[in-house]
Every structure is written in C-alpha cells, then in structure tokens.
2 protein chains.
Amino acid sequence: MLLSKSCVYGLRASLYLASKKEGEFIPIKRMSDKLEISFHFLTKILQQLTAEGILESFKGPNGGIRLNRPGNTVQLMDIVLAIDGEQLLTECALGLPGCGIKNPCPLHEKWAETRDAIRGMLENTTLTELVEKGRAENLRLTTDGGFDILFQE
Amino acid sequence: MLLSKSCVYGLRASLYLASKKEGEFIPIKRMSDKLEISFHFLTKILQQLTAEGILESFKGPNGGIRLNRPGNTVQLMDIVLAIDGEQLLTECALGLPGCGIKNPCPLHEKWAETRDAIRGMLENTTLTELVEKGRAENLRLTTDGGFDILFQE
DNA sequence: GATTATTTGGACTCTTTTATCTTAATATAG
DNA sequence: CTATATTAAGATAAAAGAGTCCAAATAATC
C-alpha cells in the first residue's frame with residue numbers, strides 16, 4: 001500500500017473540508033458520517049493534521065474543524081508528510097539503510113526516478129484543484145455517492 | 001511503504017540468486033547470513049516464490065534454492081506480484097472500492113499516471129539487469145558490504 | 001451556573017505484519 | 001540403514017497498524 005489508511009482518510013477528510021464554505025467549522029461527527037469513516041479514528045487523524053497546522057479546530061457547540069489556510073495552498077504532499085512522514089520519499093526500495101547517491105543499491109537510480117514521479121504528483125496537486133474537478137465532474141469521495149452529496153446540508 | 005518488508009526481502013534474495021552461477025542451488029541459510037535476513041522469515045518468503053514458480057527448491061544435502069528461469073526473464077514485477085499481490089497497481093489512492101474509469105475519484109487520473117510509472121519501472125527491470133549493474137559498479141545488496149561480498153565463497 | 005455539543009487525550013482491543021521456534025519431510029552420504 | 005543437511009509446514013510470539021471507548025477540557029446556550 002502506497003499510503004497508510006490513516007493517510008488516505010486524512011486526504012479524504014481534507015478534501016471534504018476544502019469543499020466547504022471557507023471559514024466554516026465542520027463537526028468531525030458530520031464528516032465521519034458523510035465519509036463513512038469511524039468517528040474516533042478520524043478524530044485521531046484530524047488531531048495530527050491540526051497539530052501540523054494544516055487544519056484548525058474549535059471546541060464546543062458550533063465547533064468543528066476547518067482548513068487553516070486556503071485549499072489552493074495545501075498540497076496533497078502536506079497531508080502525506082504530516083501523517084505518513086517522509087519515509088515513502090526517502091526510503092530505499094530494497095530497504096537498505098543509508099541508500100543514496102553516495103552508497104546506492106542497484107535499484108537506486110530507477111527507484112529515485114519513480115519516486116520523483118510520486119513526489120511530483122503529490123506536490124503538484126492541491127486540495128482546491130481536486131475539489132473543483134470533483135465538483136465539475138460530480139466525482140465521488142465516498143463509497144457510493146457522487147460528489148454533490150457532500151454539499152447537501 | 002511502497003512494498004512490504006517480505007517483498008523487499010524477496011527482491012534482495014532473488015537478486016542474490018541471480019548473481020550466482022546458473023543452476024546452482026544455494027542453501028537458504030547461506031542467503032540469510034549474507035543478506036542479514038532472519039532465516040525462518042526468509043524461508044517463508046522463498047516458499048511463496050517457489051510456489052509461484054519463480055524459484056525452485058531442492059531438499060537435502062547440496063540442496064537449496066535457485067531461479068527457475070533465466071534471470072533476464074524475471075521482472076521485478078513478477079516478485080512483487082507474487083508477494084504483495086496486485087493491490088499496489090489496482091487500488092484507489094483514496095481507498096474507494098471500485099474506483100476506476102467508470103466511477104473515479106477526483107484523484108483517479110493523476111494517480112493512474114503515477115501508478116503506471118511504478119508499473120513500468122517494475123516491469124522494465126529484470127534481475128539480470130540489476131545484477132550486471134551491481135557487479136559493474138560494485139553496488140550493495142546488504143547493509144554494509146559491496147556487491148562483491150556476494151561472490152566470495 | 002447547569003446543560004449540551006464539541007475537541008482532546010489516554011487506555012484499550014483487534015487485526016495484520018513481521019519474526020521466531022519446533023517438528024516433519026526429503027534427499028545425500030557413509 | 002543411519003546420520004546429516006536441507007526445505008516444508010505449523011504453532012506461537014512480538015510489533016505495528018487500525019479501530020474503539022471513556023473521561024476530561026472547552027465553549028456556547030439557556
């Protein structure tokens with residue numbers, strides 16, 4: 001698996017938030033219902049993203065979670081790094097510690113290229129970009145429903 | 001992590017075998033010592049590759065494991081598929097079941113491109129290719145030693 | 001101030017992956 | 001036939017990832 005489940009959930013939740021009116025706090029409960037993710041588990045993940053400054057939280061009635069900066073400034077990479085760390089982008093494909101240009105394994109060069117492709121994709125994609133695409137083409141962010149489900153209520 | 005630890009060990013072991021004289025059976029114990037992988041764990045992994053027909057095993061004294069076909073016909077992909085399955089190449093980046101061209105998530109297109117880059121790399125790289133590269137440049141397959149360590153004794 | 005809606009944080013459980021240990025099966029050599 | 005070197009297979013253990021639960025903190029509303 002490229003990304004951990006936590007990371008995937010974090011991405012989905014961030015996209016959901018980016019699809020909302022800017023500044024609005026969304027309760028985690030609502031998110032977990034809509035996205036069909038365990039409430040408690042999602043809570044943990046969002047805490048990480050809040051701690052990293054990607055999201056902002058507010059307690060009490062009318063509280064919830066929102067993006068801490070405009071969605072077009074949040075790269076998928078930001079979320080991946082916050083949750084899964086940089087392992088994916090630094091680790092040797094053959095698991096050798098300290099594998100790098102100075103002391104590479106036979107697969108190093110080819111893997112470095114592939115890895116750059118992954119990095120590029122994650123860095124060049126923003127939340128807003130995906131939300132706009134999802135909205136335009138009514139794509140989905142949940143098991144069943146179309147994208148528009150996210151906007152009802 | 002892109003590949004499971006089992007898969008990474010499987011790749012290292014297969015490369016080791018591909019670096020050996022064709023037809024020679026290598027005891028798992030020797031492999032696990034050289035590659036610094038737990039003997040019993042490596043045994044399990046090699047069993048999978050043997051079951052898939054990528055490796056061949058032989059019991060008893062002078063027994064061991066060897067490639068079941070020439071190293072230039074074994075793609076890295078063969079080993080990845082045998083151990084980790086096709087999940088990496090088929091799964092939705094946002095974890096949505098059944099995500100595909102017919103019913104995609106907003107990330108589907110971009111991820112499909114990246115995934116094809118990974119697939120291409122794994123399909124276009126053979127064991128022999130990496131062994132030759134490793135031999136030519138004395139690259140490493142273990143934590144410390146250079147590639148040549150593999151050939152001693 | 002009491003009640004309610006929310007996030008925070010910690011403890012706990014379940015599952016999967018990784019790793020180890022033990023016994024059985026098989027082949028060789030003497 | 002016996003001893004030895006090996007793989008095969010199953011049982012178990014340890015670690016990590018995924019998921020649940022509960023109590024505490026905080027903010028709004030009445």
Side-chain angles (χ1 to χ4, degrees), chain A residues 1-13 17 20 24-68 80 82-85 87-88 91 94-95, chain B residues 1-13 17 20 24-68 80 82-85 87-88 91 94-95:
Chain A
M1 208 176 353
L2 189 80
L3 304 175
S4 71
K5 249 178 161 186
S6 295
C7 190
V8 164
Y9 290 163
L11 285 170
R12 296 235 302 272
L17 289 174
K20 292 298 176 183
E24 189 184 5
F25 283 105
I26 311 289
I28 301 175
K29 187 72 178 60
R30 181 128 57 94
M31 269 190 265
S32 67
D33 284 351
K34 292 276 187 184
L35 298 174
E36 301 170 291
I37 300 172
S38 143
F39 167 73
H40 292 284
F41 195 34
L42 183 56
T43 291
K44 289 268 146 72
I45 295 162
L46 296 182
Q47 271 173 33
Q48 292 180 65
L49 294 176
T50 301
E52 291 288 332
I54 295 169
L55 305 181
E56 185 183 4
S57 70
F58 194 74
K59 288 177 185 169
N62 309 321
I65 310 275
R66 69 181 180 194
L67 291 183
N68 195 28
V80 171
I83 297 178
D84 279 352
Q87 211 186 355
L88 177 66
E91 221 177 32
L94 295 182
Chain B
M1 210 176 351
L2 189 80
L3 304 173
S4 72
K5 245 176 162 186
S6 295
C7 190
V8 164
Y9 290 164
L11 285 171
R12 296 235 302 272
L17 290 173
K20 293 297 176 183
E24 188 185 5
F25 282 106
I26 311 288
I28 301 175
K29 187 71 178 61
R30 180 128 58 91
M31 268 191 265
S32 68
D33 284 350
K34 292 275 188 185
L35 298 175
E36 303 171 288
I37 299 173
S38 143
F39 167 73
H40 287 102
F41 194 37
L42 183 56
T43 293
K44 291 269 147 73
I45 295 161
L46 297 181
Q47 271 173 33
Q48 291 181 67
L49 293 176
T50 301
E52 291 288 332
I54 296 169
L55 306 180
E56 184 183 5
S57 70
F58 194 74
K59 287 178 186 170
N62 309 322
I65 309 276
R66 68 181 181 194
L67 291 184
N68 196 30
V80 171
I83 298 178
D84 280 351
Q87 211 186 354
L88 177 66
E91 220 177 34
L94 295 182

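All figures in this text were calculated on a predicted structure; none of them were measured in a lab. Each chain gets a letter, A, B and so on, in the order its sequence line appears, and its residues count up from 1.
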Non-neighbouring partners of [X] that pass side chain to side chain contact (heavy atoms under 4.5 Å, CB included), sequence neighbours left out:
{"X": "B:Glu36", "answer": "B:Thr142, B:Thr143, B:Asp144"}
{"X": "B:Gln87", "answer": "B:Glu91"}
{"X": "B:Gln47", "answer": "B:Thr43"}
{"X": "A:Lys29", "answer": "A:Ser32, A:Asp33, A:Phe39"}

(Q) Under 4.0 Å from a heavy atom of chain A: give me the 5'-most and 3'-most nucleotides of DNA chain C that qualify. (A) C:dT4 to C:dA11

Q | Set of residues satisfying salt bridge (charged side-chain N to carboxylate O under 4.0 Å, His left out) with respect to A:Glu24, sequence neighbours excluded | A | none

Q: With sequence neighbours left out, write down each residue that passes salt bridge (charged side-chain N to carboxylate O under 4.0 Å, His left out) with A:Glu56, or none if nothing qualifies.
A: A:Arg66

Closest approach of [X] and [Y], non-hydrogen atoms and distance?
{"X": "A:Leu42", "Y": "A:Met31", "result": "CD2-CB, 4.0 Å"}
{"X": "B:Glu52", "Y": "B:Ala82", "result": "CG-CB, 3.5 Å"}
{"X": "B:Ser57", "Y": "B:Thr50", "result": "OG-CG2, 4.0 Å"}
{"X": "B:Ile37", "Y": "B:Arg12", "result": "CG1-NH2, 4.0 Å"}
{"X": "B:Asn68", "Y": "B:Gly53", "result": "ND2-O, 3.0 Å"}

Q.
Please encode protein proximity along nucleotides 25-30 of chain D as a string of B, S and -, counting only heavy-atom distances under 4.0 Å.
A. -BBSS-

Q. So, is A:Tyr9 close to the D:dA18 phosphate, meaning a side-chain N or O under 4.0 Å from OP1 or OP2?
A. no

Q.
With a 4.0 Å limit, can you tell me whether B:Ser57 has a side-chain N or O closer than that to the phosphate oxygens OP1/OP2 of D:dA8?
A. yes

Return the value, rounded to whole Å, for the distance between atom [atom1] of [X] and atom [atom2] of [N].
{"X": "B:Met1", "N": "D:dA18", "atom1": "CE", "atom2": "P", "answer": "10 Å"}
{"X": "A:Arg12", "N": "D:dA18", "atom1": "CZ", "atom2": "P", "answer": "14 Å"}
{"X": "B:Leu49", "N": "D:dA8", "atom1": "CG", "atom2": "C1'", "answer": "15 Å"}
{"X": "B:Glu52", "N": "D:dA8", "atom1": "CD", "atom2": "P", "answer": "14 Å"}
{"X": "A:Gln48", "N": "D:dG19", "atom1": "CD", "atom2": "C1'", "answer": "14 Å"}

**Q.** Bend angle of the helix from C:dG1-D:dC30 to C:dG30-D:dC1, end axes from five pairs each (to 10°)
**A.** 10°

**Q.** A:Cys7 and its side chain to side chain contact (heavy atoms under 4.5 Å, CB included) partner, picked from A:Ile45, A:Leu88, A:Ile83, A:Leu2
**A.** A:Ile83

Q. Going by heavy atoms closer than 4.0 Å, what residues in residues 36-47 of chain A are next to DNA chain D?
A. A:Ser38, A:His40, A:Phe41, A:Lys44

(Q) Tell me which pairs pass side-chain hydrogen bond (donor to acceptor under 3.5 Å, both in side chains) where either residue lies in residues 2-11 of chain B, with sequence neighbours left out. (A) B:Ser4-B:Asp84

